[in-house]
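The next block holds one structure in the form of structure tokens; read it before the comments.
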Amino acid sequence: MSETCSDTLRPPRQQAGFTLNELVIVMVIGAILAAFAIPKFDAALSLRDDAWHDSLVSALRIAQKTAVSHRRLVCVTVANTSVTLNVASANPASTCDSALMGPGGTSTFATASNSQTTTGVSPAGVIYFQPDGRVTSDGAGATSSSRTLTPSGVSAISVLGETGYVE
């Protein structure tokens, strides 16, 4: 009998865990934070896409101005996340055989900070800026060719074939 009396006299054991009220409060606070944090995160990602768009435009304008000022063929290669420029070492030329050094000391003029970026060029292929500023479909410069670049998440970039103007 003494065993049963001592069992009833023990203090009740504390239960480990959270109450329903605590869980609901944490979920409400998390929902409020998510409502404010997700739009700001999305805005930060779109700023990275805008920066890539501006870098593309700058690299294309540098290529066109370099072709005219150096009287050399400049070749622009656009990948999803980078732009490289090469220049012909002589004039006339139909190929670019020397790297045009960019801001980082390499031929890469721009790199997207968002590795998920996709950039399309239509028509596909290398963009050739001729010494007179025109954009052509080949290094020989026989046919002017307007190009459209479409980076994901931002407006398209047009390069006019007859003038090389980038807009």
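Not measured: the values here are computed from a predicted model. What's counted below: heavy atoms across the whole structure, side chains too, no hydrogens, waters or symmetry copies.
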Ser152 side-chain N/O to Thr118 backbone N/O, donor-acceptor pair under 3.5 Å: yes
Same cluster (ILVMFWY, side-chain, under 4.5 Å), Phe36 and Val28: yes
Asn80 side-chain N/O to Thr119 backbone N/O, donor-acceptor pair under 3.5 Å: yes
Verify same cluster id: Val24, Ile32 (apolar side-chain graph, 4.5 Å): yes
Any Val83 side-chain heavy atom under 4.5 Å of Trp52 side chain: yes
Minimum-distance pair of heavy atoms, taken over all atoms of Ala88 and Thr95: CB-O, 3.4 Å
Heavy-atom closest contact (Glu162 atom, Arg134 atom, distance): O-CG, 3.2 Å
Atom pair CZ/CG of Arg72 and Leu100 - distance to nearest 0.5 Å: 12.0 Å
Least distance between heavy atoms, Ala140 atom then Gln130 atom: C-NE2, 4.3 Å
Arg71, CZ: over 12 other non-hydrogen atoms inside 6.0 angstrom: no
Pairwise side-chain contact, Val159 with Val166, heavy-atom cut-off 4.5 Å (strictly under): yes
Same apolar cluster (I L V M F W Y, side chains within < 4.5 Å links), Val57/Ile127: yes
Nearest-0.5 Å distance that lies between atom NZ in Lys65 and atom CG in Leu60: 12.0 Å
Check against side chain to side chain contact (heavy atoms under 4.5 Å, CB included), His70 and Val87: CA-CA 9 Å; His70 288 82; Val87 64; 5.6 Å; no
Verify same cluster id: Phe109, Tyr128 (apolar side-chain graph, 4.5 Å): no
Rounded distance [0.5 Å steps], OG in Ser82 versus CG in Leu56: 9.5 Å
Side chain to side chain contact (heavy atoms under 4.5 Å, CB included) between Ser107 and Asn86, worked out: CA-CA 7 Å; Ser107 64; Asn86 292 304; 4.3 Å; yes
Approximate separation, where rounding is to 0.5 Å, of Asp50 CG and Ser55 OG: 10.5 Å
Hydrophobic cluster identity match, Val135 and Val121, side-chain contacts under 4.5 Å: yes
Flag side-chain contact, heavy atom, 4.5 Å: Arg147 against Pro123: yes
Donor-acceptor contact present, side-chain Ser145 to main-chain Thr136, <3.5 Å: no
Side chain to side chain contact (heavy atoms under 4.5 Å, CB included) assessment of Asp138 paired with Thr143: CA-CA 7 Å; Asp138 63 348; Thr143 308; 5.6 Å; no
Spatial distance of atom CZ (Phe129) from atom SG (Cys75) [nearest 0.5 Å]: 10.5 Å
Interatomic distance, Leu73 atom CG to Thr66 atom OG1 [nearest 0.5 angstrom]: 12.0 Å
